[in-house]
Amino acid sequence: MAVLKVEDLSVQFRTAQGVVRAVDRVSFEIRAGETLAVVGESGSGKSVTALAIMRLLPRHGSTRVSGRVMLGERDLVGLADAEMQRVRGNQISMVFQEPMTSLNPLMRIGEQIEEGIRRHQNVSAAVSRRRAVELLDQVRIADPHRRVDEFPHTLSGGMRQRVMIAMALACEPKLLIADEPTTALDVTVQAQILELLATLRKTMNMSMLLITHDLSIVADTAERTLVMYAGRIVEAAATGEILARPAHPYTRGLLGSLPKPRAAGRSRDRLTEIPGAVPPLHALPAGCSFAERCQRADAVCRTDRPEARTVTHDRLAVCHFAVAEAI
Amino acid sequence: MDASSSQAVRVRRKTTPWAFQVAVNRLKQAIPTIACVLVVNFFLVRLIPGDPVDAFVAKAQGADQAFKDHIRHEMGLDEPIWVQFGIYLSKVAHLDFGWSFQNSAPVLDVILLRLWPTVLLLVFSIGVSLLGGVFLGVTAARYSQTWKDRTIAFMSMVLYAMPAFWIGLSLIVVFSVKLRLLPVGGFDTVGSGKTGIAYALDVGRHMTLPALTLGLFYLAVYTRLVRASMFELLDSDFVRTARAKGLSERTVLWRHMLPHALLPLLTLVGVQLGSLLSGVIVIETVFSWPGLGRLTFQAALQRDYNVLLAILLMSTVLVVCANLIVDLLSAWIDRRMDVN
């Protein structure tokens, strides 16, 4: 059963260079209790997708969102602001990339956790406070009774991200969106935070949308993975499938750029990088957006835009050659 | 009492001695400042060309040398300047500010009489413009890039650009001369014999135009500052977090964003307090408001040294105290600040 169904979601920004389609007809669903990873370089539209689901994109007149985001029977795209506020932090929560700047520096962390609880649940100050201490304990912050009254600047980045997680989980949401939750953290802290997220997700039986540019963290955390490139989903499959048999040349490129464990007696292979860079979104080529950087690209790639093809059951790839090569 | 609430009490109790400590430290730092001001003012005032005795006897339309010498002796100006300075210091130490020869009254009485019209005017106009500026600045951020925001931005720009005396004169022309709604100047209706609420209303009517003139300018300044600070915060990470919690836009604006915008506002008010006296001189002169500003101006013209020195000293102490309050408030809002 799907917790969230995204259908044909597009996000357009009007910029000085013209209209930019940051997210282009993206469709996917997140099933109950699963972790879905969205992988892509910066500028691929993965964060914009998340912000569009949460309706947290800058509210200027220059942003246009179309398509549907179904939470149960309700379409979040057209929801009134007041209704959407009842969804945010309550049914869907979000953890952001920058723990250093994502907490309000002028408020005690306890207050910041409590205000979400009191917004969505009709509880007394004493109850919400007890809950805040519990949550800090749950995200494994030592001495939560004392920490709850501290200001964010007394905490390290990893601790602050734990506080962000506590805030996001305060109302036991059905879905947690984690937008590069570990990118700003030390490698050792990264593992701890990912592990914490996985454990909490399991105990609270919640679904998670994990956005990352780092394929190496996907294997242990996500059941399924979407690969995004230049605003579109280029491949979608079970994580194991994607890692073992990538169907899209871009995914293969991403995997090739990961360091592999060295085999005995052999010198380390040089990492292969993907040549070139993501094309600017306001000047996408007519054909496949990846054609310029793709070694497999043919004449057809430069003229025709590939459509999504079913590679095998439950597997999609947006490439003219996907089917032929995967099997 | 359960564990968590006793925890809260303990944390809150810590703030009082902290604030006290900061206050003591700051006042210690203020002592050399005030000492410098005492010295500089004393000699600066005596450097103004012109003789207080001449200014005094001018009222009597000339006097002979013997009378002038007598007055000079009375004023203590026949002593060497170092002796005068010593006498001045010891008097100030005893909170004796001397005699105003121009007003024929003790300086303290003269100042106290003129102090409260100015305080009334300032508290009223600055208080209202602070509240208004915060409200308008927040409203502009709430409706950013809509006609409401643009109107607020345009109006505050216009008011900011107009000189205060010009606003004052325009208001007098419109409301006093053309519409005959409000008095041209003064503090109350002379000889009206009103008391109680009727008197308060009478003073209020007299205060409306000067307070408006002073207030509109400050309103423009505060609105622009709050608006700019709020705009900077609109797309910041912690504001996005607050929205992600499902908080209402009002809570996001007033609870999460405004405290950040108040910090530069407080700093500005603290800086402004130093130049406030010169600001009210113009307004009080335009509206013949019997306040400290006009007293300062008159005292300078008449070379009334004692009055001038006392006002300067008082405004120094006021600025020091006001800045202490501003610092404490800022540190209370933002705990990252190290006030010491």
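In the text below, chain A, chain B and the rest are named by the order of the sequence lines, each starting its count at 1. Computed from a predicted structure; not experimentally measured.
- Looking only at distances, a side-chain donor or acceptor of B:Thr241 sits under 3.5 Å from a matching main-chain atom of A:Ser102.
- The local environment of CD in B:Glu232 is sparse, with at most 12 non-hydrogen atoms from other residues, nucleotides or ligands closer than 6.0 Å.
- When the shell of 6.0 Å around CH2 of B:Trp116 is examined, it contains more than 12 heavy atoms from other residues, nucleotides or ligands.
- Counting heavy atoms from C-beta on, the side chains of A:Arg108 and B:Arg335 come closer than 4.5 Å.
- Contact count versus chain B (heavy atoms, under 4.5 Å) is highest, among A:Pro105, A:Ser93, A:Ala170, for A:Pro105.
- Under a 3.5 Å cut-off, the side chain of B:Lys245 and the backbone N or O of A:Asn90 do not form any donor-acceptor pair.
- Here the side chains of A:Glu111 and B:Arg255 are in contact, with some heavy-atom distance below 4.5 Å.
- Contact count against chain B (heavy-atom pairs under 4.5 Å) is highest for A:Thr101 among A:Ile177, A:Val95, A:Thr101.
- If you measure heavy-atom distances from A:Leu106 to chain B, the contacts under 4.5 Å come from both the backbone and the side chain.
- Using a 4.5 Å cut-off on side-chain heavy atoms (C-beta onward), B:Glu249 and A:Asp81 make no contact.
- Heavy-atom contacts from other residues, nucleotides or ligands closer than 6.0 Å to CZ of B:Phe124 number 12 or fewer.
- For a residue to count as touching a neighbouring chain, one of its non-hydrogen atoms must lie under 4.5 Å from one of that chain's; by this rule A:Leu51 touches chain B with the side chain only.
- No other option in B:Val239, B:Ile333, B:Thr146, B:Leu263 has as many heavy-atom pairs under 4.5 Å with chain A as B:Ile333.
- Annotation for A:Met204: atom CE counts as buried by contact number, over 12 foreign heavy atoms lying within 6.0 Å.
- Interface remark: A:Met164 contributes side-chain atoms only to the contact with chain B (heavy atom separation under 4.5 Å).
- Inter-residue side-chain proximity for B:Arg336 and A:Phe151 is flagged as unmet; no heavy-atom pair is nearer than 4.5 Å.
- Considering only heavy atoms from C-beta on, A:Asn104 comes within 4.5 Å of B:His260 through its side chain.
- Between the CE atom in A:Met54 and the CZ atom in B:Arg240 there is a gap of 10.0 Å [rounded to 0.5 Å].
- The main-chain N or O of B:Gly246 is found under 3.5 Å from a side-chain atom of A:Arg119 such that the two form a donor-acceptor pair.
- B:His256 and A:Gln112 form no side-chain donor-acceptor contact under 3.5 Å, judged by distance and modelled atom types alone.
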